[in-house]
**Student:** 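For reference, the structure I am asking about is given below.
Note that the structure is a prediction, hence the values are computed from the model and not measured. In listed order, ligands and their atoms are each counted from 1.
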Amino acid sequence: MTVKTSFMLRHVEFQNRVFVASGTFGYGDEINDLVDPNKLGGIVTKSLSWKPRDGNPPRRIAETPSGMLNSIGLANIGVHTFIEKKLPFLRTLKTRIIVNIAASSVQEYCDVLALLERHDGIHGYEINVSCPNVKEGGLSFGTNVDRTREITERLRPLTEKPLIIKLTPNVTHMSEFARAVKDAGADAVSCINTLVGMAVDVRTRTPRLSTVTGGLSGPAIKPIALAKVFEVAKSVDIPIFGIGGITTADDAIEFLLVGACAVQVGTTNFVDPGASVRIAEGIAGYASSNGIDDVGKLVGSLKADVKASVLQTWL
Ligand SMILES: Cc1cc2nc3c(=O)[nH]c(=O)nc-3n(C[C@H](O)[C@H](O)[C@H](O)COP(=O)(O)O)c2cc1C
C-alpha cells in the first residue's frame, strides 16, 4: 500500500512528519555520515541569536534516569556565521530547513529573522521563547503570555514562511499560550521545550550543573509532553509539533494520535543519530499495516472519552 507521508504548512510541503529538534542536530552538517538528512521531514537548527554566544560554563550536561539535564545556555555561532558557513551546505539538501531563533529582546528576534529573510534556503522559522528577557530582568519570554504574543505579532509581518512558536511547558496552561500565538498569526506551535529540573551530587553536596537548575529532556518527559500536546490540541485549533522523549516510531505515533501534526526527535539523536529516519519509516509502516493511506489520518485520532480525561480529577 502506498502511504502518503507528506503534509503542508502554509505553502510549504514537508516530505514526512519527522523532524530533528533544535539543539540536538547541530546545524545539520555534522552527522551526515551517520544519518541521511534527506530522509527527514525537516531539520530544525540550533537556536541562533544575533551575536555568537558561548553559553553557560561547564558542567552543563548531566545524565538522569531516562533522560538528561542541560544548561547549554543557547551557545551558538550567531546568525552571520550561520549564513556564511552553514547555509550553503543546507541549501544542497532536499529536506526542509527550519531555523530556530533565540533572542534576549523582541527587537533581536525581529533583526535575526529579517536578516535570514534576505537569504535563500530557509523554509520556515521556529521561535524559541524559552529565552531570558533582558529587559524584564532575565525572566523567560515564554512564561509571559503577553510577551509571547508580542513576539509573534512583531514577527508575523516580516515573513510569508511558516512561523512556528516553540512553547515552554514551564507554565500552568500551555493552551493559553497556544491560543495567544494563534491569534497573533503563528502557523503552528512546538510542544514541548525542556522542563526545569535539577540533580545533586551527594558526595560533593553540589549541584550537577553549574547553573544549578537546567532543562530536562529525553524519555523521562514523554508522558508530560503527551499530556501537554493533548491539552493544546483539545483547546486550540493550530498545528502542533509534538516533542519530548521520542525514541521509537510508536512514541511518535502516540504524539500523532493525541493531536500532533508532526514530531521532532531530540535527545535520542545523541544516543542513536539514525533514530529519526527509522522513526519516519516506522510511522509509514504502521499506517500501511493498519490500512491507512495517509499518515495525516492518524492525527488526533485517539479513541478516548476526552471530556472525562480533561475535566476529571485523577488523584
Ligand atoms: C542539549 C540540548 C540542547 C538544546 N538546545 C535547544 C535550542 O537551542 N533551542 C531550542 O528551542 N530547544 C533546544 N533544546 C530542546 C529540544 O529541542 C527539545 O525541545 C527537548 O529536548 C525535548 O525533546 P527531547 O526529549 O526529544 O529531547 C535542546 C535540548 C537539548 C537536550
Side-chain angles (χ1 to χ4, degrees), residues 18-28 30-31 42-49 52-56 58-79 82 86 98-104 109 112 124-132 140-142 148 151 164-170 174 188-197 199 209 211 214-229 240-249 251-252 254-255 260 262-273 275-276 279:
V18 181
F19 292 53
V20 281
S22 180
T24 65
F25 210 75
Y27 301 99
E30 283 147 31
I31 42 181
I43 294 173
V44 185
T45 69
K46 173 74 188 162
S47 281
L48 286 172
S49 49
R53 287 174 62 117
D54 290 337
N56 293 319
R59 217 182 138 189
R60 51 190 196 178
I61 294 279
E63 196 168 338
T64 60
S66 296
M68 66 182 278
L69 283 164
N70 91 81
S71 61
I72 304 294
L74 302 171
N76 77 93
I77 57 176
V79 66
F82 171 79
K86 304 293 181 181
I98 305 294
V99 174
N100 180 301
I101 302 176
S104 47
Y109 280 107
V112 173
Y125 302 98
E126 180 179 73
I127 308 304
N128 179 6
V129 290
S130 305
C131 303
S140 164
F141 284 100
T148 305
I151 291 170
I164 306 156
I165 309 297
K166 184 167 182 179
L167 301 177
T168 171
N170 301 308
M174 282 185 86
V189 289
S190 292
C191 303
I192 60 173
N193 211 320
T194 53
L195 287 143
V196 176
L209 294 176
T211 50
L216 182 65
S217 64
I221 71 168
K222 196 190 88 179
I224 301 170
L226 273 173
K228 297 286 186 192
V229 169
I240 303 167
F241 285 80
I243 321 171
I246 296 173
T247 55
T248 65
D251 291 339
E254 285 188 62
F255 276 89
V263 296
Q264 296 181 15
V265 178
T267 301
T268 296
N269 293 312
F270 299 130
V271 183
D272 175 6
S276 47
I279 289 169

**Student:** Taking the non-hydrogen atoms of I192, is any one of them nearer than 4.0 angstrom to ligand 1?
**Tutor:**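 Flag set, I192 near ligand 1.
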**Student:** Return the residue, atom name and 0.1 Å-rounded distance of the protein heavy atom closest to atom 24 (P) of ligand 1.
**Tutor:** G245 N, 3.5 Å
**Student:** Provide the number and element of each atom of ligand 1 under 4.0 Å from a heavy atom of K46.
**Tutor:**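 Counting from 1, the qualifying ligand atoms are 5 (N), 6 (C), 7 (C), 8 (O).
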**Student:** Return the CG to NZ distance between N193 and K166, rounded to the nearest 0.5 Å.
**Tutor:**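 Interatomic distance, N193 CG to K166 NZ, rounded to 0.5 Å: 4.5 Å.
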**Student:** If every non-hydrogen atom of G242 is compared with every non-hydrogen atom of V229, which pair is closest and at what distance?
**Tutor:** CA-CG2, 4.1 Å
**Student:** Is the closest N or O pair between K166 and ligand 1 shorter than 3.5 Å?
**Tutor:** yes
**Student:** If you measure only the distance, is there a donor-acceptor pair under 3.5 Å linking the side chains of N128 and S47?
**Tutor:**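 Side chains of N128 and S47: pair found under 3.5 Å.
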**Student:** So which heavy atom on T24 is nearest to which on T267, and how close?
**Tutor:** CG2-N, 3.9 Å
**Student:** Among all protein heavy atoms in this structure, tell me which lies nearest to atom 9 (N) of ligand 1, with the distance rounded to 0.1 Å.
**Tutor:**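 Here the closest protein heavy atom is S47 OG, 2.8 Å.
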**Student:** Among protein heavy atoms, which lies nearest atom 15 (C) of ligand 1, and at what distance?
**Tutor:**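 Nearest protein contact, heavy atoms only, for atom 15 (C) of ligand 1 is N193 OD1, 3.4 Å.
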**Student:** If you count the atoms of ligand 1 from 1 in the order shown, which ones are under 4.0 Å from a heavy atom of A21?
**Tutor:**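 By the 4.0 Å cutoff, the relevant atoms are 17 (O).
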**Student:** Under 4.5 Å between any side-chain heavy atoms of T168 and F141, yes or no?
**Tutor:**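 T168 vs F141: side chains apart.
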**Student:** For residues K228 and I192, report the shortest heavy-atom separation together with the two atoms involved.
**Tutor:** CB-CG2, 3.8 Å
**Student:** Does any N or O atom in E126 lie less than 3.5 angstrom from one in ligand 1, N or O only?
**Tutor:** no
**Student:** What protein heavy atom lies closest to atom 23 (O) of ligand 1? Include the residue and the distance to one decimal.
**Tutor:** I243 CG2, 3.3 Å
**Student:** Tell me, which protein residue and heavy-atom name are nearest atom 21 (O) of ligand 1, and how many Å apart are they?
**Tutor:** S217 CB, 3.2 Å
**Student:** Output the list of atoms in ligand 1 that are nearer than 4.0 Å to some heavy atom of T194, sorted by atom number.
**Tutor:**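 Ligand 1 atoms under the 4.0 Å threshold to T194: 20 (C), 21 (O).
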**Student:** Who's the nearest protein heavy-atom neighbour of atom 29 (C) of ligand 1, and how far?
**Tutor:**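 Protein heavy atom at minimum distance: N70 ND2, 3.7 Å.
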**Student:** Given I72, T268, T267, identify the one with the heavy atom nearest to atom 27 (O) of ligand 1.
**Tutor:**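 Nearest heavy atom to atom 27 (O) of ligand 1 lies in T267.
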**Student:** Are there over 12 heavy-atom neighbours, none belonging to E63, within less than 6.0 Å of that residue's CD?
**Tutor:** no
**Student:** Students should be able to answer this: which protein heavy-atom is nearest to atom 3 (C) of ligand 1, and at what distance?
**Tutor:** G23 O, 3.5 Å
**Student:** So, using side chain to side chain contact (heavy atoms under 4.5 Å, CB included) as the criterion, who are the partners of T194 when residues are at least two apart?
**Tutor:**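 In terms of side chain to side chain contact (heavy atoms under 4.5 Å, CB included), with neighbours along the sequence ignored, T194 is linked to N70, S217.
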**Student:** Show your reasoning for whether side-chain hydrogen bond (donor to acceptor under 3.5 Å, both in side chains) applies to N100 and T45.
**Tutor:** CA-CA 6 Å; N100 180 301; T45 69; over 6 Å; no
**Student:** Of all residues at least two apart in sequence or in a different chain, which pass the ring pair (Phe, Tyr, Trp, His ring centres under 6.0 Å) check with F241?
**Tutor:**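 F241: ring pair (Phe, Tyr, Trp, His ring centres under 6.0 Å) contacts with F19.
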**Student:** Please write down residue, atom name and distance for the protein heavy atom closest to atom 6 (C) of ligand 1.
**Tutor:** S22 O, 3.4 Å
